[in-house]
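Read the structure below first, then the notes.
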Amino acid sequence: MLGYIALALLNGAFIGASRVINGRLGLSTGAMGASLWNHVIGFLFLGVILTVIGAWQFDVDILFPQSYFGSVWNAPYYAYFGGFMGALFVAMNSFVLPRIGAIQTTVLVVSGQMLAGIFLNANMESLSLISGKMVGVLLIVTGIYIGRK
Amino acid sequence: MKLSVDWGLALSAGMLLAVMIDVNSLLAAHSSPMTASWIAHGLGAVGAFILVLAFRARQQWHCRAEELEKAGPDKKINSPFWSYLGGIPGAFTVVLAAVTVNSPIGLSGSLALMLVGQVLFGMLCDYFGLFGIPRRQPALKDLKVVGCTLSGSGLIIFLGA
């Protein structure tokens with residue numbers, strides 16, 4: 001359990017490291033260039049890992065290829081938009097980070113993620129859960145308000 | 001903190017991230033988290049290449065810290081070799097997340113701990129100026145901001161799963 005906790009914390013540090021390193025690269029290549037390098041290196045690195053551990057998987061449900069979640073090839077077209085969003089996301093991150101610092105960037109990105117996440121999941125939740133989450137929203141907005149200047 | 005366009009950009013980046021994670025997990029349901037991330041990185045590289053071409057002439061989109069801007073707009077900034085490797089910890093995130101989400105910690109615990117890890121790491125970087133970013137002394141106010149946003153995020157995460 002403690003090991004998993006440490007691993008999850010370390011994962012947070014990895015997210016932070018990627019953000020800061022790309023922000024640093026953006027100083028010389030521009031934010032868009034940093035995003036390009038991030039994706040090319042990540043693509044190659046994941047390719048190596050997938051090959052080494054033999055985990056290429058384009059067919060989850062190979063026994064039932066007819067099923068909806070059959071293979072990556074019959075994923076809906078918009079399932080592939082995530083990559084393009086990622087390109088824009090890393091560029092925005094890299095642009096902002098050297099200007100406002102790592103903490104502020106992290107706090108604001110996390111806040112935006114949480115706020116949007118509520119709306120994305122809103123349709124399948126009960127009212128009491130949503131009102132509880134609104135307390136969370138209030139805390140986030142308070143935090144942003146305190147730090148506004 | 002100063003309210004600025006940078007703020008709006010960082011907030012919108014977070015919102016984009018939430019949508020992106022949703023869309024990517026849809027692709028992961030059709031393959032595996034790592035294969036989906038590989039595909040997303042490949043398409044992301046194509047997208048970033050288009051962005052590079054589109055904003056080539058727009059110098060103002062080249063991000064430069066204020067300190068560096070003062071040094072002169074034409075001053076050439078060199079990047080150390082490690083600054084090209086930001087994609088590696090980024091790609092590792094997918095691998096580690098796959099491990100912790102399927103552990104006793106679960107999705108909520110993983111998300112919350114990853115947030116704490118991110119913020120702590122950000123503090124270290126700002127304080128010591130790690131990875132060549134400008135040094136920033138955290139004020140008491142920064143801690144209040146972190147306290148509020150982290151507890152709010154924690155609440156949302158644990159009510160969500």
Side-chain angles (χ1 to χ4, degrees), chain A residues 4 8-9 11-14 16-18 20-22 24-28 30-32 35-43 45-46 57 72 75 79 82-87 89 92 95-96 98-103 106-109 112-114 116-117 132-133 136 139-140 142-143 147-148, chain B residues 1 3 6 9-11 13-15 17-18 20 23-24 26-27 30-32 35 38 40-45 47-48 51-52 55 62-63 65 77 79 83-84 86-91 93 96 100 103 105 110 113-114 117-118 121-122 125-126 131-132 136 145 148-149 152-153 155-156 159:
Chain A
Y4 287 122
L9 281 172
N11 206 2
F14 277 176
S18 185
V20 174
I21 293 172
N22 285 326
R24 173 64 185 80
L25 179 62
L27 289 177
S28 59
M32 312 299 169
S35 178
L36 178 58
W37 276 100
N38 173 78
H39 284 88
V40 168
I41 296 289
F43 180 73
F45 181 72
L46 276 171
Q57 209 163 1
V72 74
F84 300 107
M85 295 178 193
F89 171 73
M92 289 163 92
F95 177 77
V96 163
R99 298 166 62 94
I100 62 175
I103 298 180
T106 304
V107 162
L108 289 166
V109 167
Q113 185 188 351
M114 292 298 140
K133 286 185 178 183
L139 277 167
I140 291 177
T142 307
R148 77 198 178 283
Chain B
M1 287 194 192
L3 201 59
D6 297 324
L9 270 177
L11 264 176
M15 294 179 179
L17 180 66
M20 183 185 102
V23 171
N24 278 342
L26 182 63
L27 192 61
H30 285 267
S31 50
S32 72
T35 311
W38 178 75
H41 271 85
L43 292 172
L51 285 176
V52 167
F55 288 93
H62 281 228
C63 73
I77 303 163
S79 286
S83 67
Y84 290 91
I88 292 183
T93 299
L96 283 187
T100 61
S103 81
I105 301 175
S110 298
L113 287 166
M114 278 154 68
Q118 275 182 68
F121 189 83
C125 288
D126 275 351
F131 298 105
R136 282 184 175 80
V145 173
C148 280
T149 45
S153 304
L155 197 60
I156 294 172
L159 287 176

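Sequence lines set the chain letters: A, B, ... in the order given, protein chains first and strands last, and positions in each chain run from 1.
Scanning all heavy atoms of the two residues, the minimum distance from A:Val40 to B:Ala45 falls at CG2-CB, 4.0 Å. For the residue pair A:Ser35 and B:Ala48, the shortest heavy atom distance occurs at OG-CB, 3.6 Å. Between A:Gly12 and B:Gln118, the closest heavy-atom pair is O-CG, 3.4 Å. Nearest heavy-atom pair across B:Leu17 and A:Val109 is CD2-CG1, 4.1 Å. Looking at every heavy atom in both residues, B:Thr100 comes nearest to A:Ala8 through CG2-N, 3.8 Å. When all heavy atoms of B:Ala10 and A:Leu108 are compared, the closest pair comes out as CB-CB, 3.6 Å.
By the 30° and 60° cut-offs, the orientation of the rings of A:His39 relative to B:His41 is tilted.
If you take CE on A:Met32 and CZ on B:Phe55, they are separated by 4.5 Å, rounding to the nearest 0.5 Å. Within the model, atoms CD1 of A:Ile100 and CG of B:Leu9 stand 9.0 Å from one another, a figure rounded to the nearest 0.5 Å. B:Cys125 SG to A:Ile21 CD1: the interatomic distance, rounded to the nearest 0.5 Å, is 8.5 Å. Rounding to the nearest 0.5 Å gives a distance of 5.0 Å between OH of B:Tyr84 and OG of A:Ser28. With rounding to the nearest 0.5 Å, the separation of CG in B:Leu11 from CD in A:Gln113 is 11.5 Å. A distance of 6.5 Å separates CD1 of B:Ile156 from CE of A:Met114, quoted to the nearest 0.5 Å.
Within the 4.5 angstrom heavy-atom criterion, only side-chain atoms of A:Phe45, from C-beta onward, approach chain B. The part of B:Leu155 that comes within reach of chain A is its side chain, from C-beta onward, which places non-hydrogen atoms under 4.5 angstrom from that chain.
Surrounding OH of A:Tyr4 are at most 12 heavy atoms belonging to other residues, nucleotides or ligands under 6.0 Å away.
Proximity of a side-chain donor or acceptor of B:Asp126 to a complementary backbone N or O of A:Ala102 within less than 3.5 Å is detected.
Your options are A:Asn38, A:Leu46, A:Leu25, and the one with the most heavy-atom pairs under 4.5 Å with chain B is A:Leu25. By number of non-hydrogen pairs under 4.5 angstrom with chain A, the leading residue of B:Gly47, B:Ser83, B:Gly122 is B:Ser83. For the set A:Gly132, A:Ala116, A:Ala79, the count of heavy-atom pairs under 4.5 angstrom toward chain B peaks at A:Ala79.
Taking the side chain as every heavy atom from C-beta outward, B:Ile88 and A:Phe14 never approach each other to under 4.5 Å.
A side-chain contact (heavy atoms from CB on, under 4.5 Å) with B:Val145 holds for exactly one of A:Thr142, A:Ile140, A:Val107; it is A:Val107.
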